Amino acid sequence: MSKKFILIIVGVVLIGMLTAFLAFPRTATLVINGESQTISTHALTVAGVMRQAGIPVSTEDRLDPPLSAWVKPRMTIQLDQAQAVTIAILPAGDVLELSSPLHRPSDWLAEAGLLLGDRDRLTLNGLPVDPDQVLAFTPQLLLELHQAVQINLREEGASQSLFSSAATLGQALWAAGIALSPADAVSLPLDTPLTGPLDVEINRAARVTIQISGEEISVPSASASVVEVLREAGVTLQGLDYSFPAEGDPLPPDRAIRVVRVREEVLLTQEPIPYKNALQPDENTELDKRSVVKSGEYGVQVSREKVIYEDGVEVSRSQEDQWVAKEPQDQIVGYGTKPVINTIDTPSGTLEYWRAVNVYATSYSPCRLGIPNYCNSTTASGLTVRQGIVAVTRAWYSWMVGQRVYIPGYGIAVIADVGRGIPGRYWVDLGYNDDDFVSWHQNVTMYFLTPVPANIPWILP
C-alpha cells in the first residue's frame with residue numbers, strides 16, 4: 001500500500017476514535033463554595049463545563065483547575081467565588097472595600113493589611129465573629145474592626161487607664177471588673193459609645209437622710225444637689241410641695257433634707273345661672289304670639305374657697321374666683337308668623353283685622369307739633385294733617401305707610417306720617433285739624449285692617 005493510503009486509513013481511525021470519545025459523556029464533580037454537585041458533560045474544557053452549568057467565573061474567583069484545562073473522566077472542579085467585603089474600622093470611621101474568594105475574617109484583614117490587636121474585636125454584619133472561622137459564601141458582607149480605645153478613669157483621687165473595644169462605656173467598665181451601684185455617679189452616661197479616648201470620673205454614693213410626712217428615710221446618693229437626691233430617692237415635689245433646703249440648692253454638709261407636703265382643700269358652692277331666650281320664626285303660631293320650641297336649662301356657677309395645709313396643718317384660707325361649671329342652655333321661643341283674620345264690631349260696622357297692637361296714643365294738629373310759633377299741615381306721605389292720619393316712628397313708617405288701621409275712640413285711619421315717638425313704648429300720634437283737636441295721652445289697641453300686606457315684620461321694632 002502506498003504511504004498516502006496509509007495516512008488516510010490512520011486519519012479515519014483517529015476521527016472514529018474522536019467521534020466515539022465525544023459520543024460518550026463524562027462525569028465531573030463541581031464544588032462551588034464548598035457545595036458539591038455532579039454534572040454529565042460532553043465539554044472538552046473546564047470553561048465548557050462551567051458554561052454548561054450556567055456558572056459565571058470572574059477574574060477575582062479562585063478556580064482549580066483553570067478554565068483552559070481539558071476535561072478528564074471523573075475529574076473534580078473547585079470554584080471559590082469572590083464575595084464583596086466591606087471592612088469598617090472603628091472608631092476611626094475608615095472604610096475599605098475588597099473582593100475575596102477566601103472565607104475567613106482573618107484572611108480578609110490580611111488582604112487589607114490590617115492587624116487585629118489583643119483588645120480589638122470583630123463583628124460580622126453586627127454580630128461577634130471568630131477571626132479564624134470559615135464562613136459560608138455570602139455575596140455582601142460587613143466586617144467591623146473595633147479597635148480598642150483608651151479610657152482615663154479617676155475615682156476618689158486615684159487614676160488609671162483602661163483599653164477597651166467594647167461598644168459602650170458601661171460595657172467597658174463591666175469588662176474591666178469595675179462594679180457600680182445604682183446610686184454611684186459617672187461623669188458620662190454608661191451608654192456613651194467608645195468612639196475615641198474618654199476621660200471619666202466616678203463618684204461613689206454616700207447616705208442622705210430625708211424627712212417626709214413624719215418619717216425619716218435614708219438613701220445612698222452621689223449627687224451634690226437637693227433636686228438630684230430627691231429624684232434618685234423617688235421623692236417628687238408636686239403642686240405646692242417644697243423642701244429645706246430648696247430644690248435648686250446644693251446638698252447641705254449634714255446631708256439632711258426636709259420635705260414639706262402641701263395639700264389644698266377646695267370648698268365649692270353652686271348658684272344657678274338664668275338662661276336666655278332665643279327667638280326663631282314659627283309658621284304654626286299666630287302672629288304676635290309666642291310658643292316654647294325648646295325649654296331652657298339653667299347653668300351652674302361655682303364659687304371656690306381654697307384651704308392650704310402643710311404636713312396636715314392648715315396654714316391659709318382664701319376665696320378663689322368663680323367659674324361656670326355648666327353653661328345655661330337658651331330657651332328657644334318661636335314667634336308667630338301666621339296672620340289670622342279676626343273681626344271687631346265698631347260704629348262703622350264690622351271690620352276685619354289681622355293684627356292688634358297695644359300702643360300709647362298722643363295727638364297732633366298742624367299748629368300743635370310741639371314747636372312754638374310753628375305750623376305745618378304736610379305729612380311725610382304728602383297728605384294733609386287731619387283726622388284719619390296717623391303718625392308712627394320712623395322704624396314703623398318704612399313698612400306701614402298706607403296701612404289702614406282702626407283705633408277705638410278715634411275711628412278708621414291710615415298711617416301716613418312720621419313722629420318722634422316715646423322711647424320704650426309702641427307709640428302713635430293721632431292727626432286732627434286745629435279746630436277739632438282732641439288731646440290723647442293713653443294706651444289703646446290699634447287694629448291693622450285687611451288686606452294683609454305682602455311684607456310683614458314678624459317682630460315689631
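The analysis underlying the following values was restricted to heavy atoms, covering all of them including side chains, and did not include hydrogens, waters or symmetry mates. Values in this document were obtained by computation on a predicted structure and should not be read as measured data.
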Which pair of heavy atoms, one from W108 and one from L143, lies closest together, and at what distance? CE3-CD2, 4.0 Å
Atom pair CG (L169) and CG (D191), whose distance is rounded to the nearest 0.5 Å: 9.0 Å
Nearest non-hydrogen partners of L194 and A166, listed with the distance: CD1-O, 3.2 Å
For D118, does the CG atom sit with more than 12 other heavy atoms under 6.0 Å from it, leaving out its own atoms? no
Salt-bridge criterion met for E144 and R121 (N-O under 4.0 Å): no
Result block: side-chain N/O donor-acceptor pairs under 3.5 angstrom for residues 53-61, not counting sequence neighbours:
from, atom 1, to, atom 2, distance (Å)
S58, OG, E60, N, 3.4
S58, OG, D61, N, 3.4
S58, OG, D61, OD1, 3.1
S58, OG, D61, OD2, 3.3
E60, OE1, S99, OG, 2.8
D61, OD1, A82, N, 2.6
D61, OD2, S58, N, 2.9

Taking only residues two or more places apart in sequence, or in another chain, which ones meet R420 in a side chain to side chain contact (heavy atoms under 4.5 Å, CB included)? none
Should the pair K338-E283 be classified as a salt bridge under the 4.0 Å nitrogen-to-oxygen rule? no
Side chains of L240 and V260 in contact at under 4.5 Å (non-hydrogen atoms): no
Name all residues meeting the side chain to side chain contact (heavy atoms under 4.5 Å, CB included) criterion together with A185; count only those two or more places apart in sequence or in a different chain, and write none if there are none. N203, A222
Is there a side-chain contact between L460 and Y426 (heavy atoms, below 4.5 Å)? yes
Please evaluate residues D311 and R261 with respect to the criterion salt bridge (Lys or Arg N to Asp or Glu O under 4.0 Å), reporting the C-alpha separation (whole Å), side-chain torsions for both, the decisive distance (0.1 Å), and the verdict. CA-CA 5 Å; D311 290 335; R261 291 299 191 194; over 6 Å; no
Heavy-atom side-chain proximity of V359 to W396 below 4.5 angstrom: yes
Between S161 and L153, is any pair of side-chain heavy atoms under 4.5 Å apart? no
Rounded to the nearest 0.5 Å, how far does CG of L230 lie from OG of S223? 10.0 Å
Are any side-chain N or O atoms of N125 and backbone N or O atoms of L142, one a donor and one an acceptor, separated by less than 3.5 Å? yes
So, taking the atom named CD1 in I151 and the one named CD in Q160, what distance separates them when rounded to the nearest 0.5 Å? 10.0 Å
Which of parallel (below 30°), tilted (30 to 60°) and perpendicular (above 60°) describes Y447 and Y353? perpendicular
Nearest heavy atoms of Q147 and D120, plus distance in Å: CA-OD1, 3.2 Å
Are side-chain heavy atoms of V149 and P91 found at a separation under 4.5 Å? yes
Salt bridge between D321 and R304, side-chain N to carboxylate O under 4.0 Å? no
Straight-line distance of T123 OG1 to L90 CG, nearest 0.5 Å: 7.5 Å
Taking the side chain from T236 and the backbone from Q238, do they hold a donor-acceptor pair closer than 3.5 Å? no
N152 vs Q150, side chain to side chain donor-acceptor pair (under 3.5 Å): CA-CA, chis, key distance, verdict: CA-CA 6 Å; N152 300 314; Q150 183 175 349; 2.9 Å; yes
Residue pair L145, L116: steps toward the side chain to side chain contact (heavy atoms under 4.5 Å, CB included) verdict: CA-CA 8 Å; L145 172 59; L116 182 65; 3.4 Å; yes
Could you state the interatomic distance from CG (L268) to CD (Q322), rounded to the nearest 0.5 Å? 11.5 Å
More than 12 heavy atoms of other residues, nucleotides or ligands under 6.0 Å from CG of L115: yes or no? no
Examine distances only and state if a side-chain atom of D80 and a backbone atom of P101 form a donor-acceptor pair shorter than 3.5 Å. no
E35 atom CD: more than 12 heavy-atom contacts under 6.0 Å: no
Can you give me the closest heavy-atom contact between A391 and G419, atom names plus distance? CB-N, 4.1 Å
Could you pull out every donor-acceptor pair under 3.5 Å between side chains of residues 329-336 and any protein atom, sequence neighbours left out?
from, atom 1, to, atom 2, distance (Å)
Q329, NE2, E327, O, 3.4
Q331, OE1, Y275, OH, 3.4
Q331, OE1, G296, N, 3.4
Q331, NE2, N277, OD1, 3.2

Check the pair L173 / L190 against side chain to side chain contact (heavy atoms under 4.5 Å, CB included), numbers first and verdict last. CA-CA 9 Å; L173 295 178; L190 294 179; 4.2 Å; yes
Of all heavy-atom pairs linking K289 and T285, the shortest is O-CG2, 3.6 Å
Between E265 (side chain) and Y309 (backbone), is there a donor-acceptor pair under 3.5 Å? no
For A380, is there any backbone N or O sitting under 3.5 Å from a side-chain donor or acceptor partner on D417? yes
Around atom CH2 of W70, are there more than 12 heavy atoms of other residues, nucleotides or ligands at under 6.0 Å? no
Could you state the interatomic distance from CG (L122) to CG (L109), rounded to the nearest 0.5 Å? 5.5 Å
Is the backbone N or O of N342 less than 3.5 Å from a side-chain atom of W354, with the two atoms forming a donor-acceptor pair by type? no
Run L63 and V46 through side chain to side chain contact (heavy atoms under 4.5 Å, CB included) and show every step you take. CA-CA 10 Å; L63 179 66; V46 172; 4.1 Å; yes
Assess whether a salt bridge exists between R204 and D184, defined as any Lys/Arg side-chain N lying under 4.0 Å from an Asp/Glu carboxylate O. yes
Mind checking side-chain hydrogen bond (donor to acceptor under 3.5 Å, both in side chains) for T86 and listing every partner two or more places apart, or none if nothing turns up? E97
Working note: I39 + T29, criterion side chain to side chain contact (heavy atoms under 4.5 Å, CB included); need CA distance, chi angles, decisive distance, verdict. CA-CA 6 Å; I39 186 171; T29 300; over 6 Å; no
For the side chain of Q52 and the backbone of S40, is there at least one donor-acceptor N/O pair under 3.5 Å apart? yes
Electrostatic pair E305-R317, nearest N-O below 4.0 angstrom: yes
Just by distance, do the side chain of R154 and the backbone of D199 share a donor-acceptor pair under 3.5 Å? no
Taking everything shown except W458 itself, do over 12 heavy atoms lie less than 6.0 Å from its CH2? yes
When every non-hydrogen atom of A43 is compared with those of G48, the smallest separation belongs to CB-C, 3.6 Å
Whether the side chain of R62 engages the backbone of L102 through a donor-acceptor N/O pair (distance < 3.5 Å, no angle test) should be reported. no
Taking salt bridge (charged side-chain N to carboxylate O under 4.0 Å, His left out) as the definition, give me every residue that meets it alongside D64, ordered by chain and number, with sequence neighbours left out. none
If only atom types and distance count, is the side chain of W427 paired as donor or acceptor with the main-chain N or O of V392 below 3.5 Å? no
Criterion side-chain contact (heavy atoms from CB on, under 4.5 Å) against L124, the qualifying member of D130, V85, V129, T138: V129
